Every structure is written in structure tokens, then in C-alpha cells.
Amino acid sequence: MPTLTWLGHACWLLRTERHTILLDPFLTGNPAAALTADDVPADFILVSHGHGDHVGDTARIAHRTGAQVIAMYEITQWLEKHHQVTNAIGMNLGGAVELPFGRLKMTLAHHSSTLPDGAPGGNPCGFLLQVEGRRLYFACDTALFGDMQWIGRGGLDAAILPIGDLFTMGPEDSLEAIKLLRPRKVFPSHYNTWPPIAQDAEAWAASVRRETDAEPLTPKPGEPMEL
Ligand code: NI
Ligand code: MN
């Protein structure tokens with residue numbers, strides 16, 4: 001059974017029986033980080049968009065572990081040109097790829113994606129994963145959008161949604177997202193890293209229970225959860 005661990009901010013670690021998949025590894029400079037860039041394991045690194053709180057330590061971890069990076073084409077090109085990351089798969093929205101751990105589809109996200117040096121990162125994205133018979137959706141940094149109802153078709157075992165507000169959807173819109181996606185379990189992300197995105201996770205969980213059919217889970221950074 002896969003396990004999912006929040007490493008703080010929007011960084012998640014998904015472990016299957018044979019593989020470790022790291023999403024948006026912003027650990028250095030992340031006050032909520034549960035692991036460091038020198039300790040975190042990774043066979044694959046998924047990067048949702050170009051902002052520094054998502055690209056984070058990608059190059060450093062990829063060099064240390066040899067992990068393959070999966071991201072928007074503009075981001076993998078930038079990582080190769082500026083950080084010598086050559087083991088990467090560049091994709092674009094709507095595309096899917098079969099990987100050793102399962103199937104990955106790059107989904108829409110409504111956000112921006114400028115890289116730390118000002119280079120354009122293409123479109124931001126989310127990820128729909130099929131691993132060990134489970135379907136997981138990482139919305140990543142996004143506003144609420146109606147096409148989430150299509151992403152939820154086929155069923156979702158878990159959805160990981162931002163709730164921090166200000167830069168992404170907040171708690172209120174996340175409830176609408178859950179109604180469109182209809183996941184079995186839902187995890188909050190992109191909150192409590194800094195005061196501008198502080199949220200009350202337990203109040204959010206209570207509203208999810210009251211208004212939707214999903215089971216809200218609010219792990220502490222570093223605490224693995226079974227899917
Ligand atoms: Ni962002
Ligand atoms: Mn962000």
C-alpha cells in the first residue's frame with residue numbers, strides 16, 4: 001500500500017513498495033520542512049511549476065540521488081541548461097507517461113510559473129498518478145476550476161489540495177474543488193509555511209466532513225499516511 005508523507009509547504013513524499021516519488025522539493029529555506037535536501041530519498045522528482053517554493057532543491061537532490069525529474073518541458077530544459085540535470089522527462093498539459101512506479105498525467109493548473117532567475121517556466125500543472133491500484137491527484141498551486149470534475153471521473157483515492165489562500169485557492173474554494181473531484185480522502189497543502197498562508201487545518205477538516213463525502217486527513221510534516 002502506498003504511503004504519503006507531507007514534508008511541509010507543498011512538498012510530498014509518495015512511497016510505493018519499490019519507488020520513492022518526491023513532489024515539489026522545497027526544503028532549504030522552508031521553515032516547515034520535515035527533512036533536508038541532503039537526507040530526503042527520491043527515485044523520481046515531480047515539479048509542478050517554476051516558482052522557488054516548488055523547484056526548490058530539485059537540482060541538488062537530483063544530482064545526489066540520480067532521481068529522474070518530471071516537469072513541464074520549459075522547466076526540464078532550464079534545469080538542464082542552468083543546473084546540468086540531464087535525467088529528466090519534459091512534458092506538457094494533458095500528456096501522460098508510463099513510468100516504473102505507474103502512470104502519470106500532467107493536468108491543468110491555474111497559476112503562474114516564472115523560474116527563480118526570471119525565465120519563463122511554461123504553464124503550471126498538477127499531476128494525476130496511478131500507483132499500485134490507487135489514483136491520486138496533486139492539484140498543486142492552482143485556483144479552483146470547473147474541469148476538476150473531469151479529473152475526478154474514474155474515481156480518486158486521494159486528492160491533495162492547496163488551502164493556504166492568497167497565492168492559491170483557500171479553504172472555501174477547496175470545498176468546491178472536493179465536491180467536483182469527489183475523492184475518498186483529501187489532504188491539505190500549501191499552508192502554515194509562513195503567516196500570510198496560515199490556516200486552521202482542523203477547522204478546514206470539520207467543514208470538509210460537514211459539507212462533502214471525503215475524509216479529510218491533516219498529517220503533521222513528516223508523518224506518513226497510508227492511502
Ligand atoms: Ni507558485
Ligand atoms: Mn507556491
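Atoms within a ligand are numbered from 1 in the order they appear, just like the ligands themselves. In this text the structure is predicted, and so the values were computed from the model without any measurement.
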Arg184 with Asp157: basic N within carboxylate O range, under 4.0 Å: yes
By atom name, which N, O or S atom belonging to His51 lies closest to the Ni ion (ligand 1)? ND1
Ignoring waters, how many protein N/O/S atoms are under 2.8 Å from the Mn ion (ligand 2)? 4
Metal proximity, Asp53 vs the Ni ion (ligand 1), N/O/S cut-off 2.8 Å: no
Can you confirm if the aromatic rings of Trp12 and Phe187 lie within a centre distance of less than 6.0 Å? yes
Tightest non-hydrogen contact, residues Gly155 and Arg135, listed as O-NE, 2.7 Å
Angle between ring planes, His54 versus His49, binned at 30° and 60°: parallel, tilted or perpendicular? tilted
Asp141, N/O/S atom nearest the Ni ion (ligand 1): OD2
Under a single-linkage definition using a 4.5 Å side-chain heavy-atom cutoff for Ile, Leu, Val, Met, Phe, Trp and Tyr, are Tyr73 and Ile70 assigned to the same hydrophobic cluster? no
Would you please classify the geometry between the Phe167 ring and the His190 ring as parallel, tilted or perpendicular, with 30° and 60° separating the classes? perpendicular
Minimum heavy-atom separation for Leu166 and Pro196, please, with both atom names. CD2-CB, 3.7 Å
Below 2.8 Å, can you find an N, O or S atom of His111 next to the Ni ion (ligand 1)? yes
Pair Arg60 + Asp38, salt bridge at N-O below 4.0 Å: yes
